[in-house]
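Right, one structure below, let's go through it.
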Amino acid sequence: MEAASITETASAPPPARKVGDVLNAYALPLLLFGALLAQFIYEPTGTLENVKTGLSNGMVWALIALGYTLVYGIVELINFAHGEVFMIGAFVALSLWQTFGVTESTGLALIVVSIIAFLVASMGASATLNVLIERAAYRPLRNAPKLAPLITAIGMSFILQNVGLLWRPTPDQVPDLIGSHSVYFTIFKVDVLHSDVFAVVVTVPLLIGLLWFVGSTKYGKAMRATAQDPDAARLMGIDVDRTISLTFLLGGLMAGAAGLIYALYNLTVRFNMGFTAGLIAFTAAVMGGIGNLKGAVIGGLIIGVIQAVSDGGNFLGLPLGEAWTPAVVFAILILVMVFRPQGLFGEETREG
Amino acid sequence: MRVRHVAASGCLLAALSFGVAACGSSSKSDSSGGSTGSSADTGSTSLTIYSSLPLQGDSRPQSVSVNNGEELALEKAGGKIGKFTINYKKLDDATAAAGKWDPGATSADARKAAQDKSTIAYLGEFNSGSSAISIPILNEAGILQISPSNTAVGLTRSQGADKGEPDKYYPSGKRTYGRVVPADHIQAAAQVTYQKDNGCTKLYILNDKEVYGKGLADQVVSNAKTQGLTVLGNDGIDPKAANYRALAGTIKSKGADCVFFGGITQNNAVQLWKDLNATLPQAKLFGPDGVAESAFSGKIGSKAEKMTYITNPTLDPKLYPQSGQDFFKEYQAKYGATPEPYAIYGYEAMSIALQAIKDAGDKAGDRQAVIDAFFKIKDRQSVLGTYSIDPNGDTTLSDYGGNRIQGGKLTFDKVIKAKS
């Protein structure tokens, strides 16, 4: 966990933990897991089905949440425009498919090539956009009061949403290149769909790659150093501005990939999809412990599962359902925050 | 050098943002009339009719088409009634952030019309939930409001409505609002008749939790029960969800053969349709007039459209009187496109407003006289056929059309004579 955290604490030995702390740290995940287990016993197949859907949905939230957590970890800014960067990634991917005329009836080899090529392209587009946003709207405010970049971030979010609105004013169809709803295999009576497999196959290598990059490379080390103390990092010869740009670049790459996965998974894109996705992913990042990469991933997956189980309707006889899902998600978030303000896997941040 | 570079990129960004912002709000107050500020009550000869529709997001194609219909009607009347020149101003009750109608934008529109002394009538809103906000404001100001498309029952009638409806919308105690489209107690009966005609037995109902969607869904529940369908559930959906796979799974496990969604396109109906169709490929999917628009029909895809059935008050052009058939031809000639379903209701909303002004005669500058004239309209021969306005402000028309979707276009199936 240490290596994967962007706000790694100094290497002093951790203080001895009290029993209460340990309980506090593990009680909540155990409670959530226990609730899920109870639901599984109550309604086995439906729950498995929902958990599967939740996990594959959660992959997208995890990728977006990483962008929030990376940026927060290093500059302590909530990049509200991040959801829109994700939306632009999805739009770019769809535009490329439309431009090159790739549809369901195109040959399999071409489809695979187009997915790989446009995954790279949409990741590149989102990353470039995210770096430009940082350069134009956040860097000039680096030393301004904390509220200034926050408002700028909200402003950028609205501007990009308007760009999306001009680009595609109505929801657009994405060609069903992966046979999104076709069954890939069935296990324990649960149909695993192409889209579920696709989300996992694309997301997992990206997550591993990112964790490796931040944890094991020279650049990752520079990022962690900057997160700890930018001034000291600068004294050690780290180019702090470039490191921050790199952080935005990584966040953008993940958001672009999430955009393409979302498009092929849900088959519809719309200009305000980034707003909701951003809110959910931000919640995931906070729930996991903002600044902590693994926390963001696990937070994303947890929220995906909570949403799907709640959407499923009947929770231990409690009539939940679509209408209640946002309330359920945030009720659990509040519960987590009350008992663990730093999030499930969080550590103290610079200000914290 | 570096500094200049930064400044240039900042400028570019600012230009982009302002440009975009300007584009986003260009329709906010789109005036096609002349002077304002002259008083309707002081004998001035210039009157203003406002239109308020959601002009951003998915609603735009339908709303622009309704605006066109209104414009066409005013143009046919020569822009004048007697000595009065009629100005027409288009407002927008949507915001980009919401992607649909917005309560704040709606009340801003209504207040704008209420404060303009030359206002004589207000055509809107498109969405019933939105009208629930603007009716009280315009009611206090004593302005005639006519909606081209509201169908929620509670706006005008107490039967089948929520507690306190419709009186809570009329703080002055007098009625000021009417509509030219048959309300949802009729649509719900037609919808259930259509479902039965297509062999539904076990119905699952979803709604978007708005005044319109929830109200209609509740009406469909009670109609379905009286007409002998099994109702498996009536759930509100989260219109912001990324997808509806888990929900569709639940519906499938309950064994529904038909699903009805009471709601509007803008509340994620396209995504809902795709997930329902993918998970329940055999189930027939029923939608109301809230999804009867190209932003929906053109986007759900060829697989889902084969299973889709839509009720909508707009009928096949051939079933309208000559003037109605002419409307379709004139619209096509002027705007070079087929009108969206509600365009003809936009045309009729403007026409009936003009008739009320005309019927008020010399007192056409008096808002109350125009309201009184509106509620007295009987046996009006219109593009929709002959109808009257009842004391609730509702039309006496009651035909709904059943529609299918072919190649992304809404195609008329049949007239449904509702058994209510």
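Every chain is numbered from 1 and lettered A, B, ... according to where its sequence line falls, protein lines coming before strand lines.
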Are any side-chain N or O atoms of B:Q271 and backbone N or O atoms of A:N266, one a donor and one an acceptor, separated by less than 3.5 Å? yes

Checking an interface table here. Which of residues 238-250 of chain B come within a heavy-atom distance under 4.5 Å of chain A? B:D238, B:P239, B:K240, B:A241, B:A242, B:N243, B:Y244, B:R245, B:A246, B:L247, B:T250

Derivation of the side chain to side chain contact (heavy atoms under 4.5 Å, CB included) call for A:Q173 and B:V270: CA-CA 9 Å; A:Q173 279 214 75; B:V270 173; 5.7 Å; no

Need one label for A:T268: side chain, backbone, both or neither, based on atoms under 4.5 Å from any heavy atom in chain B. both

To the closest 0.5 Å, what do you measure between CG (A:D176) and NZ (B:K303)? 5.5 Å

Please rank A:R270, A:Q161, A:E49 by heavy-atom pairs under 4.5 Å with chain B and give me the top one. A:R270

A:R168: partners by salt bridge (Lys or Arg N to Asp or Glu O under 4.0 Å), with sequence neighbours left out: A:D172

Highest number of heavy-atom pairs under 4.5 Å with chain B: which of A:F271, A:Y265, A:F275? A:Y265

Looking at A:W97, I'd like to know if its CH2 atom is crowded, meaning that more than 12 non-hydrogen atoms belonging to other residues, nucleotides or ligands lie closer than 6.0 Å. yes

Atom of B:K274, atom of A:L267 and distance for their closest heavy-atom approach: NZ-O, 2.6 Å

Need one label for B:L206: side chain, backbone, both or neither, based on atoms under 4.5 Å from any heavy atom in chain A. neither

OH/A:Y184: more than 12 non-hydrogen atoms of other groups inside 6.0 Å: no

So which of A:L279, A:D191, A:T45, A:N57 has the biggest tally of heavy-atom pairs under 4.5 Å with chain B? A:N57

Contact residues of residues 278-298 of chain B (partner chain A; heavy-atom separation under 4.5 angstrom): B:A278, B:A295, B:G298

Counting a contact as any heavy-atom pair under 4.5 Å apart, which residues of residues 252-267 of chain B contact chain A? none

